[in-house]
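Since the model is a prediction, treat every value here as computed from it, not as a measurement. Remember, it's 1-based here, ligands and their atoms both numbered in the order they're listed.
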Amino acid sequence: MTEKRKLGLSTQIFISLLIGAIVGLALYYLVPASSFKDDVLVGGLFYFVGNGFIRCMQMLVVPLVFSSLICGAMSIGDSKSLGRVGGKIILFYLCTTAIAISVALAIGSLINPGIGLDMELIEVAQPTVAEATGVVDTFLNIIPVNPVASLSAGSMLQIIFFAILLGVILAKQGEKADTIIRFFTQFNDIMMDMTVLVMKIAPAGVFCLVAKTFSEIGFNGFLPMIKYMLGVVLGLAVQCFIVYMLMLKVFTGISPKVFLKKFSSVMGFAFSTATSNATIPLSIETLNKKLGVSKKISSFTIPLGATINMDGTAIMQGVAVIFVAQAYNIPLTPTDYLVVIFTATMASIGTAGVPGVGLITLSMVLVSVGLPVEGIGLIMGIDRILDMTRTAVNITGDAVCTMIVAHQEKAINHDIIMQDVDII
Ligand code: ASP
């Protein structure tokens, strides 16, 4: 019964997404600017409901990640198994990102997005440039100086580090720490219930977010950039529907069709919000309830993935590098390609999955091969729609790697995967 209601919710999210896009485009093209349209509808109602919904999901991220990670680490128990799960997932995350950027570079070289570009038609914006952090400091930053400050700032890797330590120690203490163990277990259940509650407003939230975005961008800016956009979307599609699905089938034997059907509502959510971070609660919940993945694995791998694994973002960066190189007529050598693969893989580590962050880390990638950072200004105007699409791929990559590791750790319930397959 409950399951049926939930399946209804996924469908509702999709319908809202679609209607939102149609309403947004209709507003952009058919309704002239007026204070009712701009201030009351788009800037008022859509903005309030859409952002209110994102804030509700964001509100859950830190308490949910913290408590579910502690519970996850407690239930894995020994630090050896934890190290094994951690090692495997990081390896998968790094490999998928390297594949993603290679796919993007290949597609970019094939499509030549920056050749024949009419610069006159492009709106150039002022880019934000990222401060490059050294590799050593990036890793050092994982250790929190003050865990309470990390919690309040939402620094995901630091929270993960502290929560795992706490979970491992609680598991060791067992009976002795009974009260604290019960506290976190119950707190985690409460946060999960809160996620389900907040998701009830998802259809309205998704509708408003998508309608607002489309009512502001329309298609006009897309035309001169169409080759670049096609390159990115093609790369994302190859990664999502070929690379991931092959990996899923080969490593777990699970049907890609079933996975996509059950996970598509999470992809729709990520698409409308363009933030991997806010998607964490829904992703953990869906992997658990619909795809049988034990929370002891997903509570660890999903928040980690939202921070360090951004394959969709890497794809955009790969195509963007070729686009900028061609637009400014700067040739790239094979070594440059290797440098891009390395820098783009590293750039995503430690940056939170929030809207637009991929454009900021792109500056590091461009600088690494001597391309002008101003190139980002060329693609900024049309980035939002690509941000939405790549975020959906980012979180799908995290989920597929999680399914593989959970399968290898025998922490996946295959009966749940096959439940309700026909009625979705
Ligand atoms: N919005 C993306 C995410 O949250 C990051 C990016 O590519 O800008 O995963």
Q) Yes or no on side chain to side chain contact (heavy atoms under 4.5 Å, CB included) for Glu374 and Val324, after CA distance, side-chain angles and deciding distance? A) CA-CA 9 Å; Glu374 295 74 51; Val324 174; over 6 Å; no
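Near Thr313, with a cut-off below 4.0 Å to any heavy atom, the atoms of ligand 1 are 5 (C), 6 (C), 7 (O). Close contacts between ligand 1 and Gly353 involve ligand atoms 3 (C), 4 (O) [criterion: under 4.0 Å to a heavy atom]. Those atoms of ligand 1 that come under 4.0 Å of a heavy atom in Thr275, given as number and element, are 4 (O). Residue Gly356 approaches ligand 1 through these ligand atoms, each under 4.0 Å from one of its heavy atoms: 8 (O). Close approach of ligand 1 to Ala274 (heavy-atom distance below 4.0 Å) involves ligand atoms 1 (N), 4 (O). The atoms of ligand 1 that sit less than 4.0 Å from any heavy atom of Ser276 are 3 (C), 4 (O), 9 (O). Atoms of ligand 1 lying under 4.0 Å from at least one heavy atom of Gly358, given by number and element, are 6 (C), 7 (O), 8 (O).
With a 4.0 Å heavy-atom cut-off, ligand 1 is reached by the backbone of Val354 but not by any atom from C-beta on. With a 4.0 Å heavy-atom cut-off, ligand 1 is reached by the side chain of Asn394 but not by its N, CA, C or O. Residue Arg390 touches ligand 1 through its side chain alone, judged by heavy-atom distances below 4.0 Å.
Between Phe92 and Val400 there is no side-chain heavy-atom pair separated by less than 4.5 Å.
Side-chain contact check for Thr402 and Thr301: at least one donor-acceptor pair (N or O, by modelled atom type) lies under 3.5 Å.
At a threshold of 4.0 Å, the pair Lys296-Glu409 does not count as salt-bridged, since none of the basic side-chain nitrogens sits closer than that to a carboxylate oxygen.
No option in Phe46, Phe269, Phe207, Phe48 other than Phe269 meets the ring pair (Phe, Tyr, Trp, His ring centres under 6.0 Å) test with Phe53.
Atom 2 (C) of ligand 1 has Thr391 OG1, 3.3 Å as its closest protein atom, hydrogens excluded (heavy atom only). Nearest protein heavy-atom neighbour of atom 1 (N) of ligand 1: Asp387 OD1, 2.7 Å.
The neighbour count for Tyr47 OH, taken as heavy atoms of other residues, nucleotides or ligands under 6.0 Å away, does not exceed 12.
For the pair Gly231 and Ile111, the tightest heavy-atom approach, listed with the atom from each and the gap, is CA-CD1, 3.7 Å.
Using the six-membered ring where Trp is involved, Phe162 and Phe66 have ring planes that are parallel, under 30° apart on the 30 and 60° scheme.
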